[in-house]
There are 2 protein chains.
Amino acid sequence: MSRPTVHDIAEEAGVSLATVDRVLNERPGVRRKTMDKVFAAADRLGYVRDTSAANLAKQRQYRFAFILPDGPSQFVEALESTLNEASSYHVAERTVVETLRVPQRDPHAIVRTLQGLGTEKLDGIALMVPETPQVRDAVARLKDAGLAIVALVSDLPNSRRDYFLGVNSVAAGRTAAQLMGRFAQKPGEILVVTNSIHSRDSLERRVGFDEVIAAEFPHLTVLPSVEAYDDPVRMGRILEQVFNSREQLAGIYSVGSGNSALLDHLRRHERQSDLHVIAHELTPATYRALSNDEIAAVIAHNVGHLIRGALRVLRALCDDLLIYEAQEQARIEIFLRENLP
Amino acid sequence: MSRPTVHDIAEEAGVSLATVDRVLNERPGVRRKTMDKVFAAADRLGYVRDTSAANLAKQRQYRFAFILPDGPSQFVEALESTLNEASSYHVAERTVVETLRVPQRDPHAIVRTLQGLGTEKLDGIALMVPETPQVRDAVARLKDAGLAIVALVSDLPNSRRDYFLGVNSVAAGRTAAQLMGRFAQKPGEILVVTNSIHSRDSLERRVGFDEVIAAEFPHLTVLPSVEAYDDPVRMGRILEQVFNSREQLAGIYSVGSGNSALLDHLRRHERQSDLHVIAHELTPATYRALSNDEIAAVIAHNVGHLIRGALRVLRALCDDLLIYEAQEQARIEIFLRENLP
DNA sequence: TTGTAGGCGTTATCAG
DNA sequence: CTGATAACGCCTACAA
């Protein structure tokens, strides 16, 4: 009829409630034989634990820290504000989160932050940082301390992280290329703009982009990446120069998630009507630019899905429950003006 | 420190637990004055109910029915299988669902099903059916019986449904048009194929599609919709005829979610290499066609998100909790070969 | 090694 | 109208 409970198991196995609990939670001090009896009874009855009742009894609190890059980024801001929203909403889920910003390019500072985290006061960590040997080591130490670790947006494939939530950057780059190739049908050159050529994501996107353009759109030539280090003045100079020297500019691919400088420049200057701009991440800046037809398409993470997924996965990891992979799988979203949310 | 409980309120207000409960759950039989005391204490303390404890005490079960169209549709099958998956996973959430298929074109059969539902045994209903006066009436009766009602995929805007989960079909059509216009840059004609011209969604998509093509891509001409009534033979004949008579065919827009007949035909016949096909919904058929470059793009619902959203919204409605609109907002997804999941 | 009793935050059933 | 008191399914002392 209704779901079996620990009482039912106790009765079925002919032991007390406490013993059932000990067995089910793999606590020591139970004879082998008793354990077997209990397990047998449990799966004869098809028992599955009621997590919320358990959490109620335990007064469980999930304490998570999110480590995000500092510096001005509308994408990161979106992540953070979604996180705040979600965590106030998820107070019901017994989850408390704190957010920390770390300097992206300083592995030692990142490590220092991770060390200073107070592993006693924490159950899990979601982090969006570039993978370096130092970070890998720090992750290993955090794992040793028993924390659940989720890599966010940017994977740490060679670390001991438990899970990665984010899109495949190569595929994201390939998607950008597919759109660019189909939009820009006349022969021409594609300018690739980035703010940090050293970021793994930017690199991977670029790789994917080049693959597809080379294989399927031979009428397009991809120019070497130009890097602007988030500096609007520098960006302005570079664009000026490119627009003057390149007659055949067919498109601009902004690989980094920082687009403001590029967009400001484009907005201020006359440009050909058939210059196709593709950028990453849906932020206030790209939203506005898409609305105004200043850019043609945006390739993006679903920020809300990502954050809620991180929270769900961290909780699942803590309770070692199974993760609902199909749900957590991050999709590469494409936005045009017409399908803006 | 930790969250205030009913005990805290009881103490603060100087009444018993039972009274606090009565007030908080708006049960009758409490003096005005006592109510005020309790409410005052509650929000002085910043009380928020612990839903899972409440559900535990109530032994609450959410019993939902999903009404989906019958007939062969990979999209509907995806919905149903996702629902089964989710509901087995959500046994933890005290939710049981049953699925019913109804004939899409027979309002009376739909109503009969809705009537025969046993409102006593149900807390809510999600339904994907065309809006007719009969359906509106049935929805009204179900609301009168106290059920939560969510429209799925296809809205019932003039009914008393509580919520709609699905994308805006006009916007979906506009999105398709934007892609079509940018992909098909040479002058030509667009064939619009549908399986049921009477469906509101198909109509709305077509409207959106035409708006954007007319406004932004004057080099394209959209032909009148051809309807195939899910009949592959008929579809074959129509396509044959179109391919022979139309020299300038630049694209095909499949507005209905049934694509198999079209895809089979395309696969069997030689076709121009620059014929751009755009379809709706990600199903095994469209997935395969996208992978093989037989179609250029798919506009889709996120089936998993939709189903989980319906479940969440129905639960929230039952407990009249607030709905997390930002999370539930269905997005119009775009798939190319490169960003297939 | 095992069992008993009480509590987590809420609701429900009794009396009074 | 109001207040004890006992559930709900699970966990955790403490005792045996």
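Because the structure is predicted, anything quoted here is derived from the model rather than measured. Each chain gets a letter, A, B and so on, in the order the sequences are listed, and its residues count up from 1.
Counting only N and O atoms by type, the side chains of E281(A) and H301(A) include a donor and acceptor under 3.5 Å apart.
In this structure, R161(A) is not positioned above the aromatic face of Y163(A) in the sense of NZ or CZ being under 6.0 Å from the six-membered ring centre and within 45° of the axis.
D21(A) comes within 4.0 angstrom of a nucleotide base, judged by non-hydrogen atoms across all strands. If you check every strand for non-hydrogen atoms under 4.0 Å, A54(A) touches sugar and phosphate atoms only. In this structure, R49(A) reaches the sugar-phosphate backbone alone: every heavy-atom distance under 4.0 Å involves primed, P, OP1 or OP2 atoms, never a base. As judged by a 4.0 angstrom heavy-atom cut-off over every strand, V6(B) is placed among the base-contacting residues. Nucleic acid contact for T34(B): sugar-phosphate only, since backbone atoms but no base atoms lie under 4.0 Å from a heavy atom of the residue. Counting non-hydrogen atoms under 4.0 angstrom, R32(A) reaches nothing in the nucleic acid. Counting any heavy atom pair closer than 4.0 Å across all strands shown, N25(B) reaches sugar-phosphate atoms only and no base atom.
For E85(A), the CD atom is densely surrounded, since the number of other residues' heavy atoms within 6.0 Å is greater than 12.
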- Stepwise salt bridge (charged side-chain N to carboxylate O under 4.0 Å, His left out) test for R101(A) and E80(A): CA-CA 10 Å; R101(A) 300 285 206 114; E80(A) 185 163 7; 2.8 Å; yes
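Along DNA chain D, the nucleotide nearest N55(A) and the nucleotide nearest S16(B) are compared for position; the residue whose nucleotide lies closer to the 5' end is S16(B).
A donor-acceptor distance shorter than 3.5 angstrom exists from the side chain of H305(A) to the backbone of Q327(A), with no hydrogens or angles considered.
A 4.0 Å heavy-atom criterion places the boundary nucleotides of DNA chain D facing chain A at dG9(D) to dT12(D), written 5' to 3'.
Side-chain contact between S154(B) and E131(B) is absent, with no heavy atoms from C-beta onward closer than 4.5 Å.
Close to dG9(C), at under 4.0 Å from its OP1 or OP2, lies a side-chain N or O of Q59(A).
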